[in-house]
Trainee: 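This is the structure I want to talk about, given as structure tokens.
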Amino acid sequence: DLRAIVSEVIDQVRATLPPSVHLQDASLPMPAWIRGDATEVHQVVMNLCTNAVQAMPAGGQLKVALEALGIGEERSLRQGRLRPGTWLRLAVADTGTGLESSQLQRIFEPFFTTKREGAGTGLGLAVVRNIVMRMGGALDVESRPGFGACFSVYWPHVDPQVNNQLSEPPPLIRAVRAPARPGHGETVLVVDDEPELVTLAEDLLAMLGYEPVGFTDARMALDAFRSNAARFDAVITDERMATLRGTVLARAIHGQRRDVPIILMTGHHDADLDARAAEAGVAEIIEKPLRVRYLEAALNRVLARSSAPATATG
């Protein structure tokens, strides 16, 4: 039920809003079923809300609305198409600085950002696009300078009765309420310079039974590891970060403790990265956007291989 995820994100966002930003939300009175991964949908909604708040440094109004639409004729959007049928539309609007026409053309490109230098890598909307496209959805955005922006996400509506899903909870609900817990309290260092991605990784790791320790600054993460190398059972790091590449961080960590397994996250996997990762002693590479089953499988493999007692050096 998309409503439950949107409501959860709204509660989280409301708790952290500055006094200058007012939140207004409107939701459907009926269940809003879609087919997909609940953690990924949560990431989409949270990214859009976070971006909207950041677009209003002087304050303003954040509007979040969920509605059902009947589409009679096929329609093209900025990303994807709406085919005839029933769709669920999530609209996240702000009254912030708005976007130029040239920015709108590139807003979903990886690493394109309108944020000031050092405020982010621009991965948020690219992650949103990848998730929504994979779920068979579509994206649109309307904006002009000085009048804010409105991002719309469209998901195909799913009827549980038509899809014979009434006899058991839908898959996305099972994923949230009855997760597997392969971890046994192992401490996992998480490093990514996008705060929302660190939060997502921490939530997933906690759900899987691990104890996450997250950092958005790679150098601070390295300092934390150096101060207590024996504390950590595994490391998960992004590759492209402003302060330090993940492969460089991996080499530095292995300079302190050679046996700790390191998992590298990336949205741009190629042969050059494979070579750098192998040289840095990276145990696994997983692709963004982060998905719980791949994260779970990678941790199971690296921790199973890393059964020798930890030894500190340096």
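Positions are given from 1 along the sequence. Just so we're clear, the structure is a prediction, and the values are computed from it rather than from any experiment. These values consider heavy atoms only, across backbone and side chains, with no hydrogens, waters or symmetry-generated copies.
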Trainee: Would you please classify the geometry between the F232 ring and the F225 ring as parallel, tilted or perpendicular, with 30° and 60° separating the classes?
Mentor: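 Ring orientation, 0 to 90° scale: parallel.
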Trainee: Taking D192 for its side chain and V198 for its backbone only, find out whether a donor-acceptor pair lies under 3.5 Å.
Mentor: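 No, D192 side chain to V198 backbone: no donor-acceptor pair under 3.5 Å.
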Trainee: Any donor and acceptor pair, going by atom type alone, linking the side chain of T86 with main-chain N or O of G70 inside 3.5 Å?
Mentor: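 Looks like no, no N/O pair under 3.5 Å.
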Trainee: Kindly check if the number of other-residue, nucleotide or ligand heavy atoms within 6.0 Å of CE (M220) is above 12?
Mentor: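 12 or below, so no.
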Trainee: For residues I34 and L82: do they belong to one hydrophobic cluster (side chain heavy atoms under 4.5 Å, members Ile, Leu, Val, Met, Phe, Trp, Tyr)?
Mentor: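 No, separate clusters.
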Trainee: Using modelled atom types and a 3.5 Å cut-off, is there a donor and acceptor pairing between side-chain atoms of S7 and backbone atoms of A4?
Mentor: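 No; zero donor-acceptor contacts below 3.5 Å.
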Trainee: Decide yes or no on side chain to side chain contact (heavy atoms under 4.5 Å, CB included) for V188 and V235, but give the supporting numbers first.
Mentor: CA-CA 5 Å; V188 180; V235 177; over 6 Å; no
Trainee: Quick check on the hydrophobic clustering: are L17 and F151 connected, directly or via other members, by side-chain heavy-atom contacts under 4.5 Å?
Mentor: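 Yes; F151 is reachable from L17 via cluster members.
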Trainee: So, do L205 and L295 sit near enough that their side-chain heavy atoms are less than 4.5 Å apart?
Mentor: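 L205 vs L295: side chains touch.
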Trainee: Is any side-chain heavy atom of M265 closer than 4.5 Å to one of E239?
Mentor: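 The answer is no, as the side chains (C-beta and beyond) never meet within the 4.5 Å cut-off.
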Trainee: Which pair of heavy atoms, one from L62 and one from A52, lies closest together, and at what distance?
Mentor: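 So the minimum-distance heavy-atom pair works out to CD1-CB, 3.5 Å.
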Trainee: Output the distance between atom CG (L249) and atom CZ (F215), rounded to the nearest 0.5 Å.
Mentor: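 Interatomic distance, L249 CG to F215 CZ, rounded to 0.5 Å: 11.0 Å.
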Trainee: If you compare all heavy atoms of L189 against all heavy atoms of A221, which two are closest, and at what distance to 0.1 Å?
Mentor: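 The answer is CD2-O, 4.1 Å.
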Trainee: Spell out, as yes or no, whether a donor-acceptor pair under 3.5 Å connects the side chain of S143 to the backbone of G148.
Mentor: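 Looks like yes, one N/O pair under 3.5 Å.
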Trainee: With heavy-atom distances below 4.5 Å as the criterion, would you say the side chains of T16 and Q12 are in contact?
Mentor: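 Result no, sub-4.5 Å side-chain heavy-atom pair not found.
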Trainee: Is it the case that the side chains of R231 and T187 hold a donor-acceptor pair, with the cut-off being a distance below 3.5 Å and no angle test?
Mentor: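 R231 and T187 do not have a side-chain donor-acceptor pair below 3.5 Å.
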Trainee: Between V132 and Y154, what is the shortest heavy-atom contact and its length?
Mentor: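 Heavy atoms of V132 and Y154 come nearest at CG1-O, 4.3 Å.
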Trainee: Answer whether the closest heavy-atom distance between the side chains of V191 and M241 falls below 4.5 Å.
Mentor: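 Yes; the side chains approach each other to less than 4.5 Å.
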Trainee: Quick one: pull up NE2 in H157 and CZ in R35 and give me the separation to the nearest 0.5 Å.
Mentor: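 The NE2 atom of H157 sits 11.5 Å away from the CZ atom of R35.
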Trainee: Nearest 0.5 Å, what's the CE-CD1 distance between M46 and I10?
Mentor: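 Nearest 0.5 Å value for the CE-CD1 distance: 10.5 Å.
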Trainee: Find out whether V41 and L2 are in side-chain contact, i.e. whether some heavy atom of one side chain is under 4.5 Å from a heavy atom of the other.
Mentor: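 Side chain of V41 against side chain of L2, heavy atoms only: contact under 4.5 Å found.
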Trainee: Report whether V92 and W87 are members of the same hydrophobic cluster (ILVMFWY, side-chain heavy atoms less than 4.5 Å apart, transitive linking).
Mentor: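 No: no chain of side-chain contacts under 4.5 Å links V92 to W87.
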Trainee: Could you tell me whether R240 and D238 make a salt bridge, using a distance below 4.0 angstrom between a side-chain N and a carboxylate O?
Mentor: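 Salt bridge absent between R240 and D238.
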Trainee: Does E186 use its side chain to pair, donor to acceptor, with the backbone of H184 at less than 3.5 Å?
Mentor: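 Checking the backbone N and O of H184 against the side chain of E186, a donor-acceptor pair under 3.5 Å is found.
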Trainee: Just verifying a value: how many Å separate C49 SG and Q54 CD, rounded to the nearest 0.5 Å?
Mentor: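 Interatomic distance, C49 SG to Q54 CD, rounded to 0.5 Å: 11.5 Å.
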Trainee: Taking side chain as C-beta onward, heavy atoms only, is R14 less than 4.5 Å from D11?
Mentor: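 Side-chain contact under 4.5 Å: yes.
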Trainee: Could you go through the side chain to side chain contact (heavy atoms under 4.5 Å, CB included) check for N130 and K288 one step at a time?
Mentor: CA-CA 9 Å; N130 291 344; K288 287 183 169 182; over 6 Å; no
Trainee: May I ask whether L66 and M135 are part of the same hydrophobic cluster, defined by side-chain heavy atoms of I, L, V, M, F, W, Y residues being less than 4.5 angstrom apart, directly or through others?
Mentor: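 Linked within one cluster.
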Trainee: Give a yes or no on whether a salt bridge exists between D217 and R219, defined as a side-chain N under 4.0 angstrom from a carboxylate O.
Mentor: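 The answer is no: the pair does not qualify as a salt bridge.
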Trainee: How far does CG of N228 sit from CD of Q256, to the nearest 0.5 angstrom?
Mentor: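 Between N228 CG and Q256 CD, I get 11.5 Å after rounding to 0.5 Å.
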Trainee: Do side-chain atoms of Q24 reach the backbone of V64 as a donor and acceptor pair under 3.5 angstrom?
Mentor: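 No: the side chain of Q24 does not pair with the backbone of V64.
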Trainee: Run the numbers on D193 and T243 for side chain to side chain contact (heavy atoms under 4.5 Å, CB included), then give the verdict.
Mentor: CA-CA 8 Å; D193 57 4; T243 57; over 6 Å; no
Trainee: Taking all atoms of both residues into account, what is the closest heavy-atom pair of E202 and V213, and its distance?
Mentor: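 Minimum heavy-atom contact is OE2-C, 4.1 Å.
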Trainee: Compare all side-chain heavy atoms of V153 with those of R89 and state whether any distance is below 4.5 angstrom.
Mentor: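 A side-chain contact under 4.5 Å is absent here.
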Trainee: Counting distance only, does the side-chain N/O of N47 pair as donor-acceptor with the main-chain N or O of V128 below 3.5 Å?
Mentor: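 Not a single qualifying donor-acceptor pair exists.
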Trainee: Can you name the closest pair of heavy atoms from Q43 and L200 and give their distance?
Mentor: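 That closest heavy-atom pairing would be OE1-CD2, 2.9 Å.
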Trainee: Please report the closest heavy-atom contact between A91 and C150, naming both atoms and the distance.
Mentor: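 Smallest interatomic distance, heavy atoms only, reads CB-SG, 4.2 Å.
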Trainee: Is there a side-chain contact between K63 and T95, using heavy atoms and a 4.5 Å cut-off?
Mentor: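 K63 does not reach T95 side chain to side chain.
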Trainee: In terms of side-chain geometry, is the basic nitrogen of R305 or E284 positioned less than 4.0 Å from the acidic oxygen of its partner?
Mentor: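 The answer is yes: the pair qualifies as a salt bridge.
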Trainee: List the steps, then state whether side chain to side chain contact (heavy atoms under 4.5 Å, CB included) holds for H42 with D37.
Mentor: CA-CA 9 Å; H42 185 284; D37 185 290; over 6 Å; no
Trainee: Under 3.5 Å, side chain of R83 to main-chain N/O of E74, donor-acceptor pair present?
Mentor: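 Checking the backbone N and O of E74 against the side chain of R83, no donor-acceptor pair under 3.5 Å is found.
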Trainee: Quick one: CD1 on I262 to CD1 on I236, what's the gap to the nearest 0.5 Å?
Mentor: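 Those atoms lie 11.0 Å apart.
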Trainee: In this structure, are over 12 heavy atoms from other groups packed under 6.0 Å from R144 atom CZ?
Mentor: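 No, CZ of R144 has 12 or fewer neighbouring heavy atoms, counting only those of other groups under 6.0 Å.
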Trainee: Tell me whether H254 contacts the main-chain N or O of A280 through its side chain, where contact means a donor paired with an acceptor under 3.5 Å.
Mentor: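 Checking the backbone N and O of A280 against the side chain of H254, a donor-acceptor pair under 3.5 Å is found.
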Trainee: What about M133 and V44, same hydrophobic cluster or not, with Ile/Leu/Val/Met/Phe/Trp/Tyr joined at side-chain heavy-atom distances under 4.5 Å?
Mentor: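 Yes, one cluster joins them.
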